[in-house]
Asker: 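Dumping the structure here so I can ask a few things about it.
Being a predicted model, the structure only gives us computed values, none of them experimental.
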Amino acid sequence: DINHAPGGVAYNPGWGEILLLGNYNTADYRSWIIELVRRFYRGWEANASYTWSEAIGDGEDFDQLLGNTLDRADTERGFLSYDQRHVARFNVVSLAASGVRLGGTVRWESGLPFSIMESSPVIFVLPRAYAPLGIPGQQFNYSFPTGQRNDQRNESFWTFDVSATGDLALRRGVQLQLRGEIFNLLNDDTLAQSDTIDGNFAGQRRFG
């Protein structure tokens with residue numbers, strides 16, 4: 001908002017909010033992956049992997065509550081909402097004597113980031129001549145009391161999945177495959193918190 005001086009003071013109260021729009025945001029993503037594969041041998045196979053990644057950038061949405069004040073621009077660049085730093089995974093599949101394939105996955109993931117924000121009202125003392133124009137006399141700016149956007153981190157969590165697959169031979173060469181899967185076997189309900197504004201937070205729990 002180019003009508004705001006440092007500290008949230010408006011250069012011209014009669015103009016209200018004047019936004020300078022452009023493609024100014026940038027994002028940097030990098031990752032490292034290590035993977036171990038045990039190919040199918042003697043009835044079973046497995047693979048394990050670990051991923052380290054980092055995603056840093058500016059605002060991600062056009063309507064994100066970032067403050068619009070030039071003196072706070074340096075606090076808006078931070079970790080992006082998909083910055084999941086660590087993911088470890090282990091998959092295994094075994095072929096039983098009956099021909100049924102049994103599989104399982106164990107996955108550990110670090111939590112995603114979120115922001116803590118506080119709002120502060122900016123009051124415009126508008127001349128009476130501006131009243132018919134419907135210019136609002138108040139708007140809110142947002143700041144990050146903890147210092148930076150997305151500098152908080154949700155808890156890490158585990159996921160256990162299992163599956164069983166079997167093939168049946170029907171008449172006339174027709175094959176029927178039956179597959180059963182259970183996702184989030186232990187019914188983990190870790191809470192993933194989203195942005196907290198003025199002490200009010202929103203989030204969602206994982207469903208088993």
Side-chain angles (χ1 to χ4, degrees), residues 23 25-62 64 76-116 146-196 201-208:
N23 294 324
N25 292 347
T26 61
D28 296 315
Y29 175 81
R30 57 178 178 167
S31 66
W32 293 91
I33 301 174
I34 182 172
E35 184 176 16
L36 301 176
V37 178
R38 199 267 191 187
R39 297 187 178 185
F40 187 79
Y41 180 67
R42 292 188 176 180
W44 67 282
E45 64 180 317
N47 65 71
S49 66
Y50 167 75
T51 302
W52 176 91
S53 63
E54 184 180 63
I56 297 177
D58 302 294
E60 299 169 274
D61 301 311
F62 177 78
Q64 196 162 357
E76 295 171 3
R77 184 172 178 84
F79 298 119
L80 299 175
S81 62
Y82 55 87
D83 176 60
Q84 191 171 38
R85 193 62 48 80
H86 309 281
V87 177
R89 179 194 302 264
F90 176 75
N91 306 317
V92 62
V93 177
S94 176
L95 181 61
S98 60
V100 176
R101 294 185 297 277
L102 303 176
T105 299
V106 178
R107 193 169 65 251
W108 177 81
E109 303 176 59
S110 60
L112 295 172
F114 66 94
S115 301
I116 294 179
T146 55
Q148 200 78 22
R149 182 173 69 92
N150 280 347
D151 58 358
Q152 307 296 303
R153 187 72 60 165
N154 280 294
E155 295 182 356
S156 60
F157 56 93
W158 291 85
T159 303
F160 295 85
D161 303 328
V162 294
S163 66
T165 305
D167 297 321
L168 297 177
L170 303 181
R171 295 180 179 179
R172 299 178 181 179
V174 177
Q175 294 286 334
L176 175 65
Q177 184 180 89
L178 300 177
R179 181 177 179 86
E181 295 180 288
I182 301 177
F183 300 100
N184 194 2
L185 178 65
L186 301 184
N187 198 27
D188 177 76
D189 62 349
T190 301
L191 175 65
Q193 183 172 336
S194 57
D195 292 345
T196 299
F201 82 93
Q204 62 182 9
R205 291 190 178 276
R206 304 179 64 214
F207 289 98

Asker: How long is the straight-line distance from CD1 of Ile116 back to OG1 of Thr146, given to the nearest 0.5 Å?
Answerer: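 Output value for this atom pair is 5.0 Å.
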
Asker: Do Asp189 and Arg206 have side chains that approach each other closer than 4.5 Å (heavy atoms only, starting at C-beta)?
Answerer: no

Asker: Enter the distance from Phe114:CZ to Ser81:OG here, rounded to the nearest 0.5 Å.
Answerer: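 Going from CZ on Phe114 over to OG on Ser81, the span is 13.5 Å.
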
Asker: What is the minimum heavy-atom distance between Asn150 and Ser115, and which atoms define it?
Answerer: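 Residues Asn150 and Ser115, closest heavy atoms: N-OG, 2.7 Å.
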
Asker: Could you check if a side-chain atom of Leu176 sits within less than 4.5 angstrom of a side-chain atom of Leu178, using non-hydrogen atoms only?
Answerer: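 In short, these two side chains touch, coming nearer than 4.5 Å.
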
Asker: For the pair Asp58 (side chain) and Asn25 (backbone), establish whether a donor and an acceptor sit closer than 3.5 Å, ignoring hydrogens and angles.
Answerer: no

Asker: At their closest point, which heavy atom of Ser110 faces which heavy atom of Phe157, and how far apart are they?
Answerer: O-CE2, 4.4 Å

Asker: Examine distances only and state if a side-chain atom of Ser53 and a backbone atom of Gln84 form a donor-acceptor pair shorter than 3.5 Å.
Answerer: yes

Asker: Report, one line per pair, each donor and acceptor closer than 3.5 Å where one atom sits in a side chain of residues 31-41; sequence neighbours left out.
Answerer:
from, atom 1, to, atom 2, distance (Å)
Arg38, NH1, Tyr41, O, 2.7
Arg38, NH1, Trp44, O, 2.7

Asker: Can you tell me if Asp28 uses its side chain to pair, donor with acceptor, with the backbone of Ile56 under 3.5 Å?
Answerer: no

Asker: Is any side-chain heavy atom of Gln193 closer than 4.5 Å to one of Gln152?
Answerer: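 Counting from C-beta outward, Gln152 and Gln193 never come under 4.5 Å.
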
Asker: Using a distance-only test with no angle check, is there a side-chain donor-acceptor pair under 3.5 angstrom linking Asn184 and Thr159?
Answerer: no

Asker: Only pairs at least two apart or in different chains count here, so list each salt bridge (charged side-chain N to carboxylate O under 4.0 Å, His left out) that has a residue in residues 92-108.
Answerer: Arg101-Asp167, Arg107-Glu109, Arg107-Asp161

Asker: Calculate, to the nearest 0.5 Å, the distance between atoms CZ and OG1 belonging to Arg205 and Thr190 respectively.
Answerer: 8.0 Å

Asker: Could you grab the distance from atom CG of Leu80 to atom CG of Leu112, nearest 0.5 Å is fine?
Answerer: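 Those atoms lie 11.0 Å apart.
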
Asker: Does any part of the side chain of Glu54, heavy atoms only, come nearer than 4.5 Å to the side chain of Tyr29, both counted from C-beta?
Answerer: no

Asker: I'd like to check Phe79 versus Gln148 (side-chain heavy atoms, cut-off strictly below 4.5 Å). Are they in contact?
Answerer: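 Answer no - side chains too far apart.
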
Asker: Has Ser94 got a side-chain atom pairing as donor or acceptor with Leu102's backbone, closer than 3.5 angstrom?
Answerer: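 No, because the side chain of Ser94 does not come within donor-acceptor range (under 3.5 Å) of the backbone of Leu102.
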
Asker: Stepwise, does the salt bridge (charged side-chain N to carboxylate O under 4.0 Å, His left out) test hold for Arg153 with Asp83?
Answerer: CA-CA 10 Å; Arg153 187 72 60 165; Asp83 176 60; 2.9 Å; yes

Asker: Could you give the distance from OG (Ser163) to CZ (Phe183), rounded to the nearest 0.5 Å?
Answerer: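 It comes to 8.0 Å.
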
Asker: Counting neighbours of CD on Glu155 that are heavy atoms of other residues, nucleotides or ligands and sit closer than 6.0 Å, is the number greater than 12?
Answerer: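 Counting other residues, nucleotides and ligands, CD of Glu155 stays at 12 neighbours or fewer.
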
Asker: Side chains of Asp188 and Trp158: closer than 4.5 Å at any heavy-atom pair?
Answerer: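 Not touching, per the 4.5 Å side-chain cut-off.
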
